[in-house]
Amino acid sequence: MDKKGPVKGADMSELTVWQNAAIGIKGDTVVWLGSTEEATILEANQVMDAKGRLVTPGLVEPHTHLVFGGSREKEMALKQQGVPYLEILKQGGGILSTVKATQETPFEDLLEKALFHLDRMASYGITTVEAKSGYGLDRETELKQLKVAKEANEKHPIDIVSTFLGAHAIPAHFKDNPEAFLQEMSDLLDEIKQENLAEFVDIFTETGVFTVPQSRRYLMKAKEKGFGLKIHADEIDPLGGTELAVELGAISGDHLAVTSDEGIQRLANSNTIGVILPGTSFYLGKDDYARAREMIDAGAAIAISTDFNPGSSVTENLQLIMSIAALKLKLSPEEIWHAVTVNAAYAIGRGKVAGSIAVGRKADIVVWDAPNYLYIPYHYGVNHTNTVIKNGKVIYERQGIR
Ligand code: NIG
Ligand code: FE
């Protein structure tokens with residue numbers, strides 16, 4: 001992953017692979033790269049032999065709803081009966097039921113839960129993660145979620161990048177007045193900025209949630225206040241959220257499951273990264289998978305992500321998503337590796353610090369129980385990590401059965 005990112009179009013299929021490589025780490029930083037033979041002349045306090053295993057940059061997870069209360073396993077039966085995702089939401093379930101649970105869960109419990117999910121993400125090889133709020137929908141709970149993410153970032157070795165998603169759904173008492181609700185959420189922006197609680201602002205642009213004009217007005221305010229922009233765009237209905245992301249210069253447009261031909265073209269001609277969440281299409285039982293193949297062929301930069309959340313994609317396993325990206329999006333292994341490292345890092349403003357192994361960068365590295373990089377998407381649904389290194393320290397090691 002040594003290309004200047006974000007890596008676009010055909011460049012996504014060119015991957016630099018070193019055979020018999022060695023990495024020198026001092027403190028938390030990569031200080032040397034070369035061959036194993038050259039490495040023998042170096043003096044090292046500690047040597048780790050990867051024994052011919054695949055070694056890659058730590059995975060970057062660019063889209064999660066990390067902090068939430070409760071869980072929604074009871075909705076699975078509704079989904080099996082064919083009740084659509086947006087219908088469950090309309091009836092006060094879905095996102096709104098997690099909102100209630102998140103409002104009722106104390107700070108410390110939310111923190112403990114977030115740290116638990118971060119541990120699991122780390123075990124899957126993720127070393128940097130984006131985390132959204134959006135299960136508060138009121139001042140107090142949105143700030144609580146963002147503060148949980150901030151404290152989790154301090155307590156956990158994984159680096160967290162925060163996004164304010166106050167505009168995630170319309171609470172019942174604002175049902176007939178979404179504009180007033182958006183005003184309430186924009187009123188939080190100054191405080192969030194001052195307390196450094198989020199770098200990005202996101203909105204769910206969707207039928208029954210927020211329209212394109214509402215999203216545009218809301219995001220323009222956020223942009224004026226210095227936030228980077230993201231959009232939950234064209235997930236279920238093709239409203240034109242992808243085009244809006246490009247128009248506003250958003251760092252990413254996310255989902256893009258039903259993006260129009262025009263949207264694909266605009267994305268390809270822009271600096272906005274398409275963050276594709278195929279686990280969500282899979283989990284919601286949809287036939288609409290993002291046309292990521294066409295997006296890359298048109299020249300776009302693509303990242304992929306779990307969308308980890310309690311409703312539409314309940315998994316921390318980014319490796320599984322790599323397999324779904326191969327099987328359902330028809331991406332090549334080379335494209336998939338770019339999509340979970342360098343491009344994912346650029347999609348959350350960490351392109352210069354995460355997503356590649358290079359001298360001078362933080363040593364975020366995964367040693368895999370795999371002979372080569374083709375192997376991870378191929379052998380699906382399990383965890384292939386052998387050792388995960390974050391900032392030069394081993395944070396996870398696979399244990400054998402005792
Ligand atoms: O990315 N689409 C909106 N938000 C999330 C799902 C949130 C939920 O169902 O709790 C998503 O799919
Ligand atoms: Fe999401």
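We count ligands from 1, going down the list as the structure has it; atoms in each ligand are counted the same way. Just so it is clear, the model here is predicted, and its values are computed rather than measured.
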- Message: Check the orientation of His384 and His379. Use parallel for under 30°, tilted for 30 to 60°, and perpendicular for over 60°.
- Response: perpendicular
- Quick one: name the protein N/O/S atoms under 2.8 Å from the Fe ion (ligand 2), chain by chain. His63 NE2, His65 NE2, His232 NE2, Asp307 OD1
- Task: Mind checking the OG1-CD spacing from Thr205 to Gln214? Nearest 0.5 Å is all I need.
- Result: 9.0 Å
Once you restrict both partners to nitrogen or oxygen, which atoms of ligand 1 have a protein partner under 3.5 Å, and how far apart are they?
{"residue": "ligand 1", "atom": "1 (O)", "partner": "His65", "partner atom": "NE2", "Å": "3.3"}
{"residue": "ligand 1", "atom": "1 (O)", "partner": "His232", "partner atom": "NE2", "Å": "3.0"}
{"residue": "ligand 1", "atom": "1 (O)", "partner": "His255", "partner atom": "NE2", "Å": "2.9"}
{"residue": "ligand 1", "atom": "1 (O)", "partner": "Asp307", "partner atom": "OD1", "Å": "2.9"}
{"residue": "ligand 1", "atom": "1 (O)", "partner": "Asp307", "partner atom": "OD2", "Å": "2.9"}
{"residue": "ligand 1", "atom": "2 (N)", "partner": "Glu235", "partner atom": "OE1", "Å": "2.6"}
{"residue": "ligand 1", "atom": "4 (N)", "partner": "His168", "partner atom": "NE2", "Å": "2.7"}
{"residue": "ligand 1", "atom": "9 (O)", "partner": "Arg72", "partner atom": "NH2", "Å": "2.8"}
{"residue": "ligand 1", "atom": "9 (O)", "partner": "Tyr85", "partner atom": "OH", "Å": "2.5"}
{"residue": "ligand 1", "atom": "10 (O)", "partner": "Arg72", "partner atom": "NH1", "Å": "2.9"}
{"residue": "ligand 1", "atom": "10 (O)", "partner": "Arg72", "partner atom": "NH2", "Å": "3.3"}
{"residue": "ligand 1", "atom": "10 (O)", "partner": "Tyr135", "partner atom": "OH", "Å": "2.6"}
{"residue": "ligand 1", "atom": "12 (O)", "partner": "Glu235", "partner atom": "OE2", "Å": "3.3"}
{"residue": "ligand 1", "atom": "12 (O)", "partner": "Asp307", "partner atom": "OD2", "Å": "2.9"}
{"residue": "ligand 1", "atom": "12 (O)", "partner": "Ser312", "partner atom": "OG", "Å": "2.6"}

- Identify the two heavy atoms, one from Thr272 and one from Ala245, that lie closest to each other, and give their separation to 0.1 Å. OG1-O, 3.7 Å
- Query: Looking at residues at least two apart in the chain, or sitting in another chain, which of them share a salt bridge (Lys or Arg N to Asp or Glu O under 4.0 Å) with Glu87?
  - Reply: none
- Note on the structure: Test ring-ring contact (aromatic ring centres under 6.0 Å, His included), reference Phe308, set His65, His63, His117, output is His117
- Query: Under 3.5 Å, side chain of Glu142 to main-chain N/O of Gly134, donor-acceptor pair present?
  - Reply: yes
- Query: Going by the side chain to side chain donor-acceptor pair (under 3.5 Å) test, which pairs reach into residues 355-367, not counting sequence neighbours?
  - Reply: Asp364-Lys390
- Geometric class of the Trp337/Trp368 ring pair [parallel <30°, tilted 30-60°, perpendicular >60°]: perpendicular
- CD (Gln183) with more than 12 external heavy atoms under 6.0 Å: yes
